[in-house]
S.K.: 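Dropping a structure here in structure tokens format, bear with me for questions.
For ligands, and for the atoms within them, numbers begin at 1 and follow the listed sequence.
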Amino acid sequence: MKKKREWAAYVRRVTPYVPGEQPNETDMIKLNTNENPYPPSPSVFEVHRNMDVTDFSLYPELSAGSLTRSLANYHGISDREVFVGVGSDDVLSLAFLTFFNSEKPILFPDITYSFYPVWADVYRISYECMPLRDDFTIEADDYQRENGGIVIANPNAPTSIGMPALEIEKVIRANPGVVVIIDEAYVDFGGETVLPLIKQYDNLLVVRTYSKSRSLAGMRIGYAMGSEGLIQALNDVKESINSYTMNTASIRIGIASLGDEDYFQSTLQKVMDTRKRTKSALEQMGFDVKDSQTNFLFASHRTVAAEEIFEQLKRRHIYVRYFAKERIKDYLRITVGTEVQMDRFLQAVREIIGTF
Ligand SMILES: *Cc1c(COP(=O)(O)O)cnc(C)c1O
């Protein structure tokens, strides 16, 4: 007789987030997870080369102290206003756990980073999705209703559209009783930050990542900035789960990246230039392309189905992202790669569309 799995009744049931594929083909062009096509700064290479592996026998610094201080310096705030975590996914999930404990639902847009509903589910937080306007912009007035907290990605993903800081401030000002999280994963590519507002609003948490603009997705470094009260609360919860989340190598590499502002700005500029060129090329081929303030484009062809283009690109080992979700099923999300990668991508799209 088959033994009954009695423990199954006590398992936390969740439907996990599905990230973009990580294929490993030598000839592939990977434009599906918004990674940066350029390598990390030369200063990162140097710190990595000189790392003393014997240091790894010790636990890392508590609260990633030296990285926290470097980030505070870089942004001109106090180190008691910075919290560092293992990628911004770690920071955001911990923020959900720490701040979203109200009976009322939290609010976020219907089309946004698809990890938000997953964290809400795993932590048993109720939520309501506020529909984007028809042009995929966020309506600030939708966030005036009663709620248990708010999370907004700005610029938003996968739409690539930025929301003006003044509009975000309306949302923060209308909700002094709950924490408002602004996920600025893409802000370095031309978005408007609300970071200065943390001095004015103690309920604002701004979250950033090294994964996109700093070419360090593999090191897993993310951080949050906010009032001392918010940061203390995050630290208390983190230290009740795992004291040493940030490893020694990531801490040192995170500091090194901050020290090379010229390289940082020049790679951002390259991505933004390529974005502009790719957008016009796509428009000439009959795509509607949203105005992007990120390192990706959100594009829909006037006649050829997005899923069809997605599948045919994949056959040519060119990976973009497609979401089979009602409002955005006609769109492709295309990460901005190097000039050479985008030329190959555009050529493939031209061929695919030509067959219809
Ligand atoms: C990529 C991304 C993140 C997570 O990035 P990490 O690699 O975990 O730092 C968070 N929010 C948005 C909107 C993203 O696109």
S.K.: Applying ring-ring contact (aromatic ring centres under 6.0 Å, His included), run through Tyr244 and Tyr59 and close with a yes or a no.
M.R.: CA-CA 7 Å; Tyr244 302 105; Tyr59 277 110; 4.5 Å; yes
S.K.: Could you walk me through whether Asp121 and Arg12 pass the salt bridge (charged side-chain N to carboxylate O under 4.0 Å, His left out) test, one step at a time?
M.R.: CA-CA 10 Å; Asp121 284 339; Arg12 185 169 286 254; over 6 Å; no
S.K.: Distances under 3.5 Å, N/O of ligand 1 against N/O of the protein: list each pair and its distance.
M.R.:
residue	atom	partner	partner atom	Å
ligand 1	5 (O)	Ser88	OG	3.1
ligand 1	7 (O)	Ser211	OG	2.6
ligand 1	7 (O)	Arg220	NH1	2.7
ligand 1	7 (O)	Arg220	NH2	3.4
ligand 1	8 (O)	Ser88	N	3.2
ligand 1	8 (O)	Asp89	N	2.9
ligand 1	8 (O)	Asp89	OD2	3.2
ligand 1	8 (O)	Arg220	NH2	2.8
ligand 1	9 (O)	Ser88	N	2.6
ligand 1	9 (O)	Ser88	OG	2.9
ligand 1	9 (O)	Thr209	OG1	2.5
ligand 1	9 (O)	Ser211	OG	3.3
ligand 1	11 (N)	Asp183	OD1	3.4
ligand 1	11 (N)	Asp183	OD2	2.6
ligand 1	15 (O)	Tyr186	OH	2.6
ligand 1	15 (O)	Lys212	NZ	3.0

S.K.: Applying the side-chain hydrogen bond (donor to acceptor under 3.5 Å, both in side chains) criterion to Lys30, which one of Glu35, Glu21, Glu25 satisfies it?
M.R.: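 For Lys30, the side-chain hydrogen bond (donor to acceptor under 3.5 Å, both in side chains) check succeeds only for Glu35.
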S.K.: Ion pair present between Lys170 and Glu167, side-chain N to carboxylate O less than 4.0 angstrom?
M.R.: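 Yes, this pair counts.
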S.K.: The criterion is side chain to side chain contact (heavy atoms under 4.5 Å, CB included); which residues satisfy it with Val18, sequence neighbours excluded?
M.R.: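 Applying side chain to side chain contact (heavy atoms under 4.5 Å, CB included) to Val18 gives none.
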S.K.: Could you check whether the rings of Tyr186 and Phe296 sit parallel, tilted or perpendicular, using 30° and 60° as the cut-offs?
M.R.: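 Judged by the thresholds at 30° and 60°, the geometry between Tyr186 and Phe296 is perpendicular.
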